[in-house]
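Written below as structure tokens is the structure these notes are about.
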Amino acid sequence: MKAYKWIFPLLMLTMVVFSSCQDYLDFEPENTIPAEGFFETQEHAEQAVNSVYAHFRSWEMVSFAFIIMQEVTSDNAVKGSAVGDASFINDYDNFAFTPNQFVLKDYWAGRYRGINKANQAITNIPAITMNESLKTRLIGEAKFLRALLYFDLVRAYGDVPTPLSVPVGPEINFRTPKTQVYEYIEQDLLDAIAVLPDTYDAANKGRATAGAAKGLLAKVYLYMERWGDAERLATEVVTSGNYSLEPNFYNVFRVAAENGPESVFEIQAQQIEGNWGVSFSQHAEVQSVRGQWGWGFNIPTDDLAAAFDAAGDQIRKAATILYKGDTTPDGDIIAGVPSLEGIEGTPRYNGKAYYPSSQQLFGPYGSGQNIRVLRFAEILLIQAEARIRQGNASGAVEPLKLVRNRVDLPEISSPTLDDVLLERRLELAMEGDRFFDLVRTGKAASALASKGFVAGKHEVFAVPQELIDLSEGNLTQNPGY
């Protein structure tokens with residue numbers, strides 16, 4: 001049983017059990033204020049920040065909206081599951097979705113719920129009489145989490161509203177230009193870097209560190225095309241001595257490696273007997289083996305499998321794609337169902353969402369599995385890409401070699417940008433980055449043409465029409481929708 005005690009004391013409304021579609025479509029007003037008498041003690045400050053962390057494992061954050069918008073839209077995944085089950089997902093695979101589809105609103109609303117929680121903490125904690133060092137750290141953690149939420153939003157929608165405090169004024173109904181959104185993200189992360197520790201004790205492991213803030217900012221700089229800054233921060237993480245690669249790629253995604261040397265930041269999850277609500281996470285369940293443990297959505301494509309084969313990358317392929325009939329290193333036989341929608345031949349599943357059956361105790365399948373957000377392997381690939389972007393291909397050799405050597409692939413002596421981007425695809429497949437990577441590198445139009453991607457439109461998603469209506473037209477729609 002994990003011992004991250006800090007995650008237990010939560011605000012009363014932190015974890016919502018989504019018992020029906022209507023429940024998880026409800027959108028909390030962004031100007032909601034805390035309950036009377038809250039934000040008065042040090043314990044309240046800790047609970048407020050803990051509630052932001054806990055929100056990250058909610059349905060809107062890591063389940064349908066996450067897999068649909070960040071993977072099914074890419075060349076890595078298709079809908080899967082049974083024919084006709086959640087058929088609307090095919091609209092994302094085919095780029096036929098409309099502004100009225102609830103998935104778009106789930107993704108938007110879930111992230112603004114988290115921002116609302118972070119803003120309450122950032123606004124109210126400074127006035128609490130408490131340990132000043134802890135106060136500073138908690139505000140830094142909240143800023144890191146807010147930056148991560150805005151990073152999702154700006155990549156998905158482009159210009160987005162950016163409330164930075166509570167109560168929220170009319171700014172919630174107007175879109176901030178994405179260049180300014182990135183500036184807000186950068187400032188939050190710089191503030192976090194300045195105050196967060198490099199490590200925590202065992203009871204607080206999993207909280208945001210200075211290394212996590214540096215790593216996330218290095219990634220943000222890739223999107224801002226600030227290659228020198230991306231390299232500088234990635235190099236600071238690499239040379240810090242706080243991180244290293246897990247030797248066995250399969251083990252990276254198992255419980256024993258959670259918050260280990262390769263973890264830069266991950267969403268904490270736990271199984272708690274008798275408390276299904278706090279144990280709630282369906283990230284693994286919605287993707288896992290249909291008819292055995294899960295629902296079977298977000299299925300690796302033939303194209304992804306072929307990319308592994310062409311690279312001679314059987315180690316990462318075996319960990320990423322579980323085929324019907326496979327036996328995992330943990331001893332589970334993948335039985336599943338005879339067929340899945342969108343797949344010809346042998347059914348297969350996302351191996352990174354696999355949770356050994358021997359470890360399943362309480363709650364939904366896989367609810368005890370942490371969700372990897374940022375790994376040391378990605379930091380190495382950010383360093384390599386940033387160097388190549390600056391004309392320093394030789395400087396990319398070493399970080400690329402470290403990532404490839406782990407999976408028994410040879411060194412590339414003169415790597416190109418395409419080499420690094422392919423490495424990103426194979427290393428990070430099914431972890432939620434592929435669609436955004438294709439867009440930021442200008443490869444989406446060609447890679448996704450057969451799926452119906454339209455250049456000049458589908459680089460961003462539609463703003464939820466219901467929210468445009470509620471804003472009385474002050475929120476504007478993205479071009480083409």
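- With ring centers used as reference points, Tyr221 lies 6.0 Å or more from Trp227.
- The pair Glu71-Arg434 does not meet the salt-bridge criterion, since no charged nitrogen lies less than 4.0 angstrom from a carboxylate oxygen.
- For the pair Glu266 (side chain) and Asn259 (backbone), a donor-acceptor distance under 3.5 Å is present.
- Ion pairing between Arg226 and Glu186 holds under the 4.0 Å rule for side-chain N and carboxylate O.
- Taking a cutoff of 4.0 Å between a charged side-chain nitrogen and a carboxylate oxygen, Arg389 and Glu225 do not qualify as a salt bridge.
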Check your understanding: Passes ring pair (Phe, Tyr, Trp, His ring centres under 6.0 Å), Tyr157 versus Trp108? Steps please.
Key -> CA-CA 9 Å; Tyr157 301 100; Trp108 177 289; 5.0 Å; yes
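- Asn370 CG to Ser263 OG: the interatomic distance, rounded to the nearest 0.5 Å, is 7.5 Å.
- Scanning all heavy atoms of the two residues, the minimum distance from Ala234 to Ile382 falls at CB-CG2, 4.1 Å.
- Atom CE in Met430 sits 11.5 Å away from atom CZ in Phe253 (nearest 0.5 Å).
- Salt bridge present: Asp152 and Arg111 bring a charged side-chain N and a carboxylate O closer than 4.0 Å.
- Partners of Gln187 under the side-chain hydrogen bond (donor to acceptor under 3.5 Å, both in side chains) rule, at least two apart in sequence or in another chain, are Asp191.
- The closest side-chain donor-acceptor pair between Tyr107 and Gln70 falls under 3.5 angstrom.
- Remark: Ile333 CD1 is loosely packed, at most 12 non-hydrogen atoms of other residues, nucleotides or ligands lying under 6.0 Å away.
- Ion pairing of Arg406 with Glu427 is present here, as a side-chain N (NZ or NE/NH1/NH2) and a carboxylate O approach within less than 4.0 Å.
- A ring-centre distance under 6.0 Å is found for Phe97 and Phe461.
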Practice item. Determine, step by step, whether Gln314 and Asp309 satisfy the side chain to side chain donor-acceptor pair (under 3.5 Å) criterion, reporting the C-alpha distance in whole Å, the side-chain angles of both residues, the deciding distance to 0.1 Å, and the verdict. Key: CA-CA 7 Å; Gln314 296 308 300; Asp309 291 340; 3.1 Å; yes
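- A cation-pi arrangement is absent between Arg348 and Tyr323 under the rule of less than 6.0 angstrom and at most 45 degrees off the ring axis.
- No donor-acceptor pair under 3.5 Å is formed between the side chain of Asn298 and the backbone N or O of Asn350.
- Both tests pass for Arg254 against the ring of Tyr250: distance under 6.0 Å to the centre and angle within 45° of the axis.
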Check your understanding: How far apart are the C-alpha atoms of Lys401 and Glu423, what are their side-chain angles, what is the distance that settles it, and do they pass the salt bridge (charged side-chain N to carboxylate O under 4.0 Å, His left out) test?
Key -> CA-CA 11 Å; Lys401 180 177 76 172; Glu423 205 67 33; over 6 Å; no
Review point. Which is it for Gln359 and Asp330 under the side chain to side chain donor-acceptor pair (under 3.5 Å) test, yes or no, and what are the steps along the way?
Key: CA-CA 10 Å; Gln359 295 177 332; Asp330 285 277; 5.5 Å; no
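- The structure places NE2 of His55 at 14.5 Å from CG of Asn50, a figure rounded to the nearest 0.5 Å.
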**Study point:** Steps toward side chain to side chain contact (heavy atoms under 4.5 Å, CB included) verdict (Met61, Phe66)
**Key:** CA-CA 6 Å; Met61 290 299 301; Phe66 173 86; over 6 Å; no
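- Side-chain contact, Gln101 with Asp91: a donor N or O sits under 3.5 Å from an acceptor N or O.
- A donor-acceptor contact shorter than 3.5 Å is absent between the side chain of Lys79 and the backbone of Asn90.
- Remark: of the listed residues Leu164, Val220, Thr176, Leu164 is the sole one forming a side chain to side chain contact (heavy atoms under 4.5 Å, CB included) with Tyr150.
- A distance of 15.0 Å separates OH in Tyr349 from CH2 in Trp295, rounded to the nearest 0.5 Å.
- Here the two rings, on Phe297 and Phe64, have centers that are under 6.0 Å apart.
- Between the side chain of Glu285 and the main chain of Pro364, no donor-acceptor pair closer than 3.5 Å is present.
- Ring centroid separation for the pair Tyr92 and Phe88 does not come in under the 6.0 Å cut-off.
- Ring to ring, Phe144 and Phe265 are close: their centroids are under 6.0 angstrom apart.
- By the 4.0 Å N-to-carboxylate-O rule, Arg146 lies close enough to Asp188 to be salt-bridged with it.
- The shortest non-hydrogen separation linking Leu374 to Gly215 is CD2-C, 3.5 Å.
- In this structure, the separation between NZ on Lys443 and CG on Asp437 is 11.0 Å, given to the nearest 0.5 Å.
- Between the CG atom in Asn76 and the CD1 atom in Ile299 there is a gap of 12.5 Å [rounded to 0.5 Å].
- Heavy-atom neighbours of Lys451 NZ from other residues, nucleotides or ligands within 6.0 Å: above the threshold of 12.
- Taking the ring centre of Phe151 as origin, the terminal cationic atom of Lys219 falls outside the region bounded by 6.0 Å and 45° from the ring axis.
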Exercise for review: Could you walk me through whether Gln360 and Ser357 pass the side chain to side chain donor-acceptor pair (under 3.5 Å) test, one step at a time?
Suggested key: CA-CA 5 Å; Gln360 181 64 34; Ser357 60; over 6 Å; no
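- If you run salt bridge (charged side-chain N to carboxylate O under 4.0 Å, His left out) between Glu431 and each of Arg425, Arg375, Arg316, only Arg375 comes through.
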**Study point:** Evaluation steps, side chain to side chain donor-acceptor pair (under 3.5 Å), between Thr328 and Tyr354
**Key:** CA-CA 9 Å; Thr328 71; Tyr354 160 69; 2.8 Å; yes
